[in-house]
Structures are given as structure tokens and as C-alpha cells.
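Contents: one structure, followed by commentary.
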Protein chains: 2
Amino acid sequence: MARKSATGRIGIADVALKAGVSHATVSRVMNGNFTVDPEIAARVREAAVELKYQPNPVGRSLALGKTDTIGIVVPDLANPTFQAILRGLSRAAAEDGYRVLIADSFEVPSEEAILAGEARRRCDGLVLCAPRMTDAELEEIAPSLHPLVLINRTTAAAGVPSLVVDYGQGVQDLAEHLAGLGHTRLAFLAGPAGSASNRLRLEGLEAFRNRHPQVEVSMLDGGSDFDTGHEAVDAVLDSGATGILAFNDLVAMGLMSGLHERGVSVPGDISITGFDDIPFARYTTPTLTTAAVPISELGGQAWHQLRALIRKEDLETADTRYQPRLEIRASSGPSPADLAP
Amino acid sequence: MARKSATGRIGIADVALKAGVSHATVSRVMNGNFTVDPEIAARVREAAVELKYQPNPVGRSLALGKTDTIGIVVPDLANPTFQAILRGLSRAAAEDGYRVLIADSFEVPSEEAILAGEARRRCDGLVLCAPRMTDAELEEIAPSLHPLVLINRTTAAAGVPSLVVDYGQGVQDLAEHLAGLGHTRLAFLAGPAGSASNRLRLEGLEAFRNRHPQVEVSMLDGGSDFDTGHEAVDAVLDSGATGILAFNDLVAMGLMSGLHERGVSVPGDISITGFDDIPFARYTTPTLTTAAVPISELGGQAWHQLRALIRKEDLETADTRYQPRLEIRASSGPSPADLAP
DNA sequence: CAGCACTGAGAAAGCGTTTTCTCGCAGCCG
DNA sequence: CGGCTGCGAGAAAACGCTTTCTCAGTGCTG
């Protein structure tokens, strides 16, 4: 009876009718505007409760020009790193009453710009997570995406805060750790070719090489998941390296599993390090030496930066750089060469 | 110059102005309505491209009464199971041009109904993932959430498809496997008390007990994460059981790690099984015997059910039941009692 | 007691689309 | 040659809400 609206859902008009007031008054009451007679307000509230009225957020969004929603674009939702960022972002945003819309580009760089644009138009702001697109493209679309926060990527475009993990420093710390254990032949199991974080690691290793010319560091092709590590067993054994820097924890775990199948002892014969310190890293056998990045904190920080932009708070846009913390566990040990004689 | 709109963004009006036509015509062109003179259509399209016009989805949603977005409510985004479901759902929905909005209830049952309602109003449909709320509450709010799909939960409310994993059968299969290896003293490391999937496992074990009265099955308190398993080491050793059914793979991994620290051999002294077959399960040492749940397929199926409801396709609402598949790996072996003599 | 400020609520104008309604105009048939 | 059909495009309504504008009514002050 009260439902007259075309959509079948009860709207503000139904409440107004029942309470015998105008739409405007109902809106005022629902938004806690105090220029309403308490008695009328009570009548409106009663009608609202009775009809189980819930304001339509789409109408609200249109009128207010905001959606209370933010978007996040990730290259691959299956990656624990991005899952953790998403989790941190979602939690932090929820505390401020914001929801998050996700867009997975499935590692297809050409999709990113489109997804980002679509997501942005539905949201009040956007987080672009480790985008795979080119610098030029990123810089070009960045202005149209504002408010925008970047994770693990920087851009020359103005007003775009970046949160980046210092993978270069982290990989150097790991390499130093292995060198300190006497390893003189290291190998790096590289990540996805286009990845900016892989580039940072390579730069870090270059710096390490310059500092330690006596240590040999060979490069092996890889990827970012279990299987990559598992399939790299032969390449690793062929390399003759005794210390392996895996692109991340997943690759390290795949590699350890493969070496175990071959009867190679870790860290007896070969030492392995990961990167990220995903929760699983402390439960592998042996437990995994890695570089810990405060990853879900990153998600939270991303929200805080984005919130500042949305509120136009002019928080300084200085890029934030996260230092990984060396997490020494059981997968790394003295070089067998040191023990042999 | 072309931008007259209050929001600063260019709208349909700007395009209309530039092309010298009305809003209506622009809308018709943008939506591929062919009752427009090709020449005018071309002019409009040109103007749209020149102004980089992109229709505002909020206005569109209001007019069309749909958002091309679905929501998912999960109890804990940190749980790999829900991450996998989210991934499957997101991928499947994206193929049909839908986005997904996430809501994390952080295991607070009282939040679920509110989150679900809010999410639902912003979306065209909702997936409720293993809700922790009571049956009564679920049944009460279900109608207001339609189109709704449940995962790992059922309800008496009409028109709500359910996708449930048969945890009872899975745990029985695992128990049978251990019994077949000669184990006569088993222990179940239980999950969260309120969890429906834990209840199903308990029912399954009850059936198993009835079938195998000679096998002792003790119950140990637990949870659903690594730490739970790690902390359960003492309880497990005290129980004297030689076959441990962990609530899930995470718990199993925590337990294996703890036993390893104590020098207990797996499966030499104690056999362990997990549940879920998360990707990590095949990379632990020893690799984990578990019951595989086609979890991201579940997410995809959830979308297909939801899509049918949204399109009012009257796909039969018969609940779908997924049978876990026993995945025998290296963490389970013959009972030490069988070998001793 | 007249005029004024002030309060509170309705009317109406957005917000940016889509879609129905309406109408001018050209073409066609009788 | 007049009326009817049909096509194409503009005007306007609708979607559901917020907010400004407007105005009636009250109470206060000079």
C-alpha cells in the first residue's frame, strides 16, 4: 500500500506520505538536520522505521557527488602481497565508513588504464597497485584519476602520493647476509620482466656487486609464484650457486619444495632467501629467511593518503619509502665450501 | 570553456552543446540507438572524443536502476579460503562486465546484517560468504537482500541458492584414510566454535565413529589459523593420538611446524591431514595430505547463480553441494604401532 | 501595535543519465 | 493536392535524493 515507487522499493516519498510531511523534511530528519520540530522528527523517524526505509545510496551519491567508495586496481588478486594490501586498505577505509571496489587486471597491462578509469568514475578515489603500464601511460592518465595513490610505483605526475617498498635495499641486505655466511656464488631468481619491483631488486644487486666484486651473482629467469620456483630447480643446481635469492617467498617455497624432492639439503647444501615475509614463511621447513615488508600497513597508509586527498587536506605528498627488515630464519646457513675443508 | 557543469567534470550537456544537439540525442548515440541520423551521430561521437566524455555511472545507475556491481560479505579477508572465493567471484563477474564491492565483517556477527544491507543497496546482488549470524537472523534478512547467494550456509528463506562444501564427507574420507593406514587413535583439532563448516565436520566424525567403534577419536579445541595449530602441539602430544585431523590446512601447517621444532617426525610418529588444499599445501615439507575443495570454482559458480537471479532466469535454485576430493600426500603414513612389532 | 528577525517546513531546483512523449517534416497514396 | 504514416530529434519526465529558495507564522522589540 505504501509502496508507490516504480522500482517497488520504498523511497523517501513513501515515508513523507506516511508521516504527512514533505520529502525535504524526511531528508532533513534522516540527515540529522536539527531545524526540524522534534515532534515531527519523531513522527518521521517512526514512519521510517515502520516502513523499514533505507535511503537509496545511488540517489544520494548523485545528489552529493560522492560515493563513499574507493577503488583499487591490482595486477593479480591471487598474489598474497596484493591480498594483504587489499585487506589493509579495506580495513582502514571501513573505519572511516568507506567501502572498496576491486578491479583485477589479470596482469594484462593494456586493461589497467580502462579498469582504472571505470573504477575511478564510480568511486571517490583510487589506489593503483603496482601498475604494469608504462611510465608514459601512467603519467598521462594520472591526472584524470585524481585523487590517486600509487603503491610500489612512482610517477612524475603531480599530486600523486607514492608508497614504495625499498626492494633494492632489502635484496642488498639479504645478499649481505648470505655473503656474511661465506657464500661467494649467489644467484637471483628474477621476477616478472615488466615489474617495477623486480627492477628495483636488480638495481640493488648491481650496487651489491660493486661493493663485493669477489662475490659472483648470476641471474636466472623466473616469475612470481610457486611453480616458477619449483621449475627453477635445474637452473639453480646448474648455476652452482650456494646462496639463492628468490624473487619472493612464494618462489622460495616452490624452490625449497623442489630441492627437497631432489634430496638437496637446505640450508646444508644451498641457502635460500625469500622476500615479503608472508605469514607462511615462518611455517615452512626449514623456516624461511626473508625480508619483511609491513605489507598490510601499506594498505592502511594508502587509505590515509587517499583520505587526505579526498578531503583536500593538503597532507604533504612526500612519497613514503618502506624499509624491509631482514628476518633471519633457518633456510640460510654457512656456505658448504666454508665447512668442507 | 566547454565545462559548465558544477562538478567540473564534463557531462552529457557539454557534448550536446558542442555537437549542437540535445542531451537526448547524445544519450541515444552513446547507447547505440540507431534512430539517429548517421551524420549527426558522427558529429556527436567526434564531440565526445574531443571532450574525452565518459558517462557518469552514478547518473546512469540511477536512471537504469542497476549498478553493474555485486557485493560480497566475508567474515575475514585474511582467510585464504575467502580470498580464493573472492578471486573466483571477481573473475567470473568481470567477464560479464560486473565489478565487486567487498565488505569484511572481521568475524563480528552483529556487523554482518548491517554490512550486508548497505552493500546490497549499492549493488545489484549479494554473495554472503559463510555468515556467522544465527539461522533466525539470516532467514529474516534474506528476503531484503534478494538477489542473494549463500556460500557454505543454507537458509529456509525462499529463492536463495546455496553453495556448500560437504565438509562432513571430506572429514570422513580423511578419517577413513588414516584408519586405513592402521591408526586407531585419532584427534580432531576443531575450528571456530560458531562456524557452520566446523559443525559439519563434527557431524561427519560422528558418522565415522559409528562406523568404526574401534577407532578412538578425541576432540581438541582449536581455531582456524597457523597459530592455533602451532599452539596445539602440547595438546596433540598429550592426546596420544597418532593421526591428527586438523580443521584446515593452515592449522595443519602450524601444527607440523610446531612438531618439527619438537623433533617429532611427520608422518613417522604422527600423521597429519589438513583441509581445503590451499596452494601452499603441496609445498610444505612433508607435503600435506588434505581434502581438496574447488574453492575458486565456488566463487565462479556463485556468480553464475547470482547472474541468473539478477536476470530473473529462473535457473533452478537447487542447492549445489561440492564433494571434497581426497588428496593424499606425504604427511600421512602408516601408524607407528603397526610398524613397531 | 507595527515592523522585523527568526524559525520551521514546503516547493522546487538541481545531480547526470535514460526514456517516453511530442511534434515538425518529408514522403506516399488515394 | 490533402491527409496519413513514419522517421528523427527536441522537450520533458523520471530515477531518489539533497539543498537552496521561499514563505507563512511566531515572538520580540522599539
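Sequence lines set the chain letters: A, B, ... in the order given, protein chains first and strands last, and positions in each chain run from 1. Model, not experiment: these values are computed from the prediction.
Residue pairs meeting the salt bridge (Lys or Arg N to Asp or Glu O under 4.0 Å) criterion with at least one member in residues 83-98 of chain A, sequence neighbours excluded, are A:Arg91-A:Glu95, A:Asp96-A:Arg307. The side chain to side chain donor-acceptor pair (under 3.5 Å) analysis of residues 125-139 of chain A, with sequence neighbours excluded, yields the pairs A:Glu107-A:Arg132, A:Asp135-A:Arg153. Sorted by first and then second residue, the side chain to side chain donor-acceptor pair (under 3.5 Å) pairs involving residues 36-51 of chain B (not counting sequence neighbours) are B:Lys18-B:Glu50. Among residue pairs with one or both ends in residues 53-70 of chain A, those qualifying as salt bridge (Lys or Arg N to Asp or Glu O under 4.0 Å) are A:Lys66-A:Asp68; sequence neighbours excluded.
Scanning for side-chain contact (heavy atoms from CB on, under 4.5 Å) contacts around B:Thr154 gives B:Ser162, B:Val164, B:Asp319, with sequence neighbours left out. Residues that satisfy the salt bridge (charged side-chain N to carboxylate O under 4.0 Å, His left out) test with A:Arg120, not counting sequence neighbours, are absent from this structure. Scanning for ring-ring contact (aromatic ring centres under 6.0 Å, His included) contacts around A:Tyr98 gives A:Trp303, with sequence neighbours left out.
Nucleotide C:dT17 holds its C1' atom 6 Å from the CD1 atom of B:Ile12, rounded to whole Å. Put simply, CG on B:Asp14 is 11 Å from P on C:dC15, counting in whole angstrom units. In this structure, A:Lys66 atom NZ and D:dT18 atom P are separated by 11 Å, rounded to whole Å. The distance from atom CG of B:Leu17 to atom P of D:dG10 is 12 Å, rounded to the nearest whole Å. Residue B:Asp68 contributes atom CG, which lies 12 Å from atom P of C:dT18 at whole-angstrom precision. Between A:Leu64 atom CG and C:dG14 atom C1' the separation is 12 Å, expressed in whole Å. Note: CZ (B:Arg122) to C1' (D:dC17) measures 13 Å, nearest angstrom. In this structure, B:His23 atom NE2 and D:dG10 atom C1' are separated by 9 Å, rounded to whole Å.
We find the CG-SG distance between A:Leu101 and A:Cys123 to be 4.5 Å, quoted to the nearest 0.5 Å. Rounding to the nearest 0.5 Å places OG of B:Ser105 at 10.0 Å from CG of B:Leu77.
Comparing the axis of the opening five pairs of the helix from C:dC1-D:dG30 to C:dG30-D:dC1 with that of the closing five pairs yields an angle of 70°, rounded to 10°.
Taken residue by residue, residues 28-37 of chain A places heavy atoms nearer than 4.0 Å to DNA chain C at A:Arg28, A:Thr35, A:Val36, A:Asp37.
The residue A:Val58 sits apart from the nucleic acid: no heavy atom pair falls under 4.0 Å.
Taking only side-chain nitrogens and oxygens, B:Tyr53 never comes nearer than 4.0 Å to OP1 or OP2 of C:dG16. A close approach under 4.0 Å does occur between a side-chain nitrogen or oxygen of A:Thr25 and OP1 or OP2 of C:dG10. An OP1 or OP2 oxygen of C:dG16 is reached within less than 4.0 angstrom by no side-chain nitrogen or oxygen of B:Arg9.
Toward the 5′ end of DNA chain D lies the nearest nucleotide of B:Gly20, the other residue of the pair B:Leu62 and B:Gly20 mapping further downstream. Toward the 5' end of DNA chain D, the nearer of the two residues A:Ala24 and B:Ala63, judged by each one's closest nucleotide, is B:Ala63.
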